[in-house]
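Along the sequence shown, residues carry numbers from 1. On a predicted model such as this, the values are computed, not experimentally measured, just so you know.
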Amino acid sequence: MAKVVIAGKAGCPYYARCELLGDKLARNLPDFKLHKIVKQNGEWEKWLKTTCNERGWSHMKSPIVWRELIDRGGKGVLIGGANEFQEYANGYYGMESELLSSDMLKISKENHKYKTELDEEDKEIKAQSKPLHVCITVASSPVCYAMVNAIAKGDVFGSKQEVALHLYDANDKTEMLEGFKMEAIDLAYGLLRDVTVETNVRKAFSNCSAIILMDEVIKKEEESKDAWYKRNSNLFSGYAKIINDVARKNVKVLLTGDGPVNFNVFMMIQNAPDIPRQNFAGLSRMLENHTKAVIAEKLKVNSSGVVNVIIWGNVSGEYYIDLENSQVHGYEGAVWGPPSFSLPTKEMIWDKQWIAKDFLELVTTRRATIEGEMKHGISMSKAAAISTMLSHWWSGSPSGQTFSLAVCSDGWYGVPAGLVYSFPVTMHPKGYWYVVQDIDLSDEVKERLKVAVQDLISEKEIMYPPPKPPTPSPGEVKVTIIDPKEEAAASEKEEEEKKVESGEEGNTTGTSDSAVEVDSSTEPKLETIVEEKGANDNVNGNAVGSNENEEKGDNSGQEAAPTEESTAE
């Protein structure tokens with residue numbers, strides 16, 4: 001399938017001819033998709049120059065026609081101007097324009113008048129509208145492609161909330177995103193007020209109320225963990241500083257990438273002091289949904305019927321899947337009830353051996369299994385996880401259900417304040433999350449939570465290592481040297497006292513005579529030395545200064561005050 005794009009000035013007669021020919025093709029050919037771009041005379045030159053520079057074309061007149069290969073993700077192919085498009089239509093489809101020059105002029109005048117009226121109307125509507133600005137990074141990702149439809153039709157931010165999308169990616173993705181933008185506009189949803197393609201991150205984050213970060217820092221071969229984490233820190237700390245400067249102060253930021261999610265959220269919080277820390281969160285929903293799917297397959301129920309699964313800890317490291325409070329709806333057993341009726345998940349599974357071994361393995365390998373079957377990365381399920389998470393964050397989560405979210409701890413469940421940890425949460429319709437704090441934890445679960453805490457602390461210490469204990473200066477060290485003869489004598493005396501107490505008095509003399517003798521003529525006598533600051537100038541490096549004082553006749557023993565030269569040295 002190919003989409004043909006016709007762009008031109010509103011008052012151009014040749015654009016009018018191409019437009020009518022394109023309409024004719026679209027009416028008669030089911031696979032022919034047409035997209036029109038009309039610009040006012042004053043903005044045409046700049047727009048054309050920018051478009052041609054980005055795509056590497058050379059075209060200087062109105063109209064310009066090209067094909068977007070949307071089914072293959074290829075580069076757009078330039079067809080040319082009005083004459084080239086007529087040849088293209090005649091050669092491929094056997095159709096040509098029969099429009100006379102006089103008719104072209106009349107239609108072009110009508111087009112210009114209609115475009116002016118449409119721009120004025122659009123300007124008035126936008127002046128009354130206050131769309132929610134939403135930025136998605138790595139917008140060329142299939143996950144973003146699968147998510148935009150839900151955002152545009154109101155499933156994410158509300159059925160009455162208008163949205164302005166900012167699609168941000170690298171420069172080499174611009175052409176693909178321009179096609180993406182056109183398709184998003186073709187959705188014709190009233191809530192989608194604007195779509196912009198951005199390669200400048202400051203412009204992308206500007207005025208945003210929601211930012212979805214899908215960036216992933218790929219770990220290189222033989223790269224150390226510390227080096228990889230520092231590269232993650234550089235990227236997300238930089239993002240945080242820009243968000244702090246240009247985004248709205250109530251912006252909500254959701255990290256959804258495959259890297260160290262908790263660590264990246266933590267680093268962003270440290271570098272965005274003006275944004276409330278509760279407005280940064282990491283996605284736990286994908287792991288939570290994998291867990292629900294594995295249980296649903298085991299019990300042969302719909303995965304939406306498995307609720308209140310909790311992911312504790314580090315989403316991309318040490319985590320614990322808690323099924324103690326999980327419930328199952330819709331199980332076809334002997335006991336039936338209304339839709340609200342549920343049964344404990346662990347009681348319905350029964351198989352403790354499966355929970356301890358097979359269950360965990362199935363959850364951790366589920367993504368790899370899916371991608372192995374499809375021969376490409378997951379996109380639809382991840383887009384759904386992000387969309388439902390944002391929907392709950394904006395409009396509230398279902399009553400009576402808890403979900404998992406990686407957020408900054410305030411000391412809940414013994415997790416140190418400041419660490420980013422995955423907790424059970426509920427969401428309020430006004431856009432707030434609350435950690436569920438009344439869950440009873442067994443000693444085993446508490447120990448598992450501590451393991452995750454230590455894992456997160458070790459990640460934190462890569463960027464914020466703990467302070468080392470201070471090393472005392474040489475003048476403050478106390479050194480005690482004991483004479484070996486005195487030490488031996490003390491040892492003998494202690495043994496003698498023990499024997500006296502035990503009634504072996506006759507052996508004391510023999511013990512004393514058997515002591516090892518030391519030749520005092522060859523062994524210098526070592527005395528106990530206690531070195532205090534300033535007590536021995538030769539030990540603490542002040543010998544030279546002492547000699548100088550003696551030469552000057554200063555017998556006070558005090559150091560001379562440092563001069564300018566000595567300070568400079």
Side-chain angles (χ1 to χ4, degrees), residues 3 5 7 10 33-40 42-43 46-47 50-51 68 70 114-141 143-169 173-174 176-214 243 246-254 279 383 386-391 393-395 429-431:
K3 176 185 287 185
V5 182
K33 303 298 179 184
L34 180 66
H35 183 77
K36 304 173 187 178
I37 300 175
V38 186
K39 297 291 180 181
Q40 292 285 12
E43 56 187 0
K46 182 180 178 181
W47 180 90
T50 302
T51 302
E68 290 283 351
I70 57 175
Y114 176 72
K115 173 63 176 173
T116 302
E117 292 175 354
L118 193 64
D119 286 349
E120 290 296 327
E121 183 180 341
D122 188 53
K123 188 182 295 184
E124 290 179 10
I125 292 173
K126 286 185 176 180
Q128 298 173 2
S129 170
K130 293 182 180 179
L132 188 78
H133 288 259
V134 179
C135 179
I136 306 175
T137 65
V138 195
S140 60
S141 164
V143 178
C144 176
Y145 189 84
M147 188 166 46
V148 164
N149 183 62
I151 293 175
K153 69 178 181 179
D155 289 348
V156 177
F157 298 106
S159 58
K160 296 181 179 180
Q161 178 61 62
E162 296 176 339
V163 174
L165 271 181
H166 301 201
L167 305 177
Y168 171 73
D169 214 321
K173 304 294 184 181
T174 302
M176 180 268 182
L177 290 180
E178 288 292 345
F180 187 176
K181 171 184 174 180
M182 292 193 308
E183 188 167 8
I185 294 171
D186 286 352
L187 291 172
Y189 288 130
L191 295 177
L192 187 60
R193 279 297 172 193
D194 192 21
V195 182
T196 57
V197 174
E198 301 291 353
T199 56
N200 182 295
V201 68
R202 294 189 73 87
K203 291 182 179 178
F205 292 163
S206 181
N207 200 37
C208 281
S209 296
I211 297 175
I212 305 163
L213 299 177
M214 297 198 295
I243 290 171
V246 303
R248 298 180 69 86
K249 296 310 175 186
N250 63 346
V251 62
K252 294 181 173 66
V253 183
L254 181 65
N279 285 18
I386 296 170
S387 298
T388 53
M389 167 58 221
L390 288 171
S391 175
W393 200 353
W394 247 261
S395 306
K430 290 188 177 181

Once rounded to the nearest 0.5 Å, what's the spacing between atom [atom1] of [X] and atom [atom2] of [Y]?
X      : Y      : atom1 : atom2 : answer
Leu165 : Cys208 : CG    : SG    : 9.5 Å
Arg248 : Ile243 : CZ    : CD1   : 14.5 Å
Ser395 : Lys430 : OG    : NZ    : 13.5 Å
Leu390 : Leu254 : CG    : CG    : 5.0 Å
Ile136 : Leu213 : CD1   : CG    : 10.5 Å
Lys36  : Met182 : NZ    : CE    : 14.0 Å

Between [X] and [Y], what is the shortest heavy-atom contact and its length?
X      : Y      : answer
Leu132 : Ser209 : CD1-CB, 3.3 Å
Cys144 : Met214 : CB-CE, 3.6 Å
Thr199 : Thr174 : CG2-OG1, 3.5 Å
Ser387 : Met147 : OG-CG, 3.4 Å
Leu191 : Gly154 : CD1-CA, 3.7 Å
Ala139 : Leu167 : CB-CB, 3.7 Å

Step through the shown structure and confirm whether more than 12 heavy atoms of other residues, nucleotides or ligands are within 6.0 Å of NZ on Lys46.
-> no
Neighbour count above 12 (heavy atom, 6.0 Å) for Lys181 NZ = yes
Residue list, ring pair (Phe, Tyr, Trp, His ring centres under 6.0 Å) with Phe180, at least two apart or on another chain | Tyr145
Close side-chain approach of Glu183 and Lys3, heavy atoms under 4.5 Å =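 With C-beta onward as the side chain, the pair touches.
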Side-chain heavy atoms of Asp169 within contact of Val138, under 4.5 Å = yes
Any salt bridge (charged side-chain N to carboxylate O under 4.0 Å, His left out) pairs touching residues 144-157, not counting sequence neighbours?
->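 Of all non-adjacent pairs touching residues 144-157, those that pass salt bridge (charged side-chain N to carboxylate O under 4.0 Å, His left out) are Lys153-Asp155.
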Please state whether the rings of Tyr168 and Phe205 are parallel, tilted or perpendicular, taking 30° and 60° as the class boundaries.
->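 Rings of Tyr168 and Phe205: tilted, 30 to 60°.
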Which is it for Ile185 and Leu192 under the side chain to side chain contact (heavy atoms under 4.5 Å, CB included) test, yes or no, and what are the steps along the way?
-> CA-CA 8 Å; Ile185 294 171; Leu192 187 60; 5.6 Å; no
Identify which one of Val195, Val148, Ile151 satisfies the side chain to side chain contact (heavy atoms under 4.5 Å, CB included) criterion when paired with Val163.
->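 The residue from Val195, Val148, Ile151 that satisfies side chain to side chain contact (heavy atoms under 4.5 Å, CB included) with Val163 turns out to be Ile151.
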With no hydrogens and no angle check, is any side-chain donor or acceptor of His166 less than 3.5 Å from a backbone partner on Ala204?
-> yes
Is the closest basic N to carboxylate O distance between Asp186 and Lys33 below 4.0 Å?
-> no
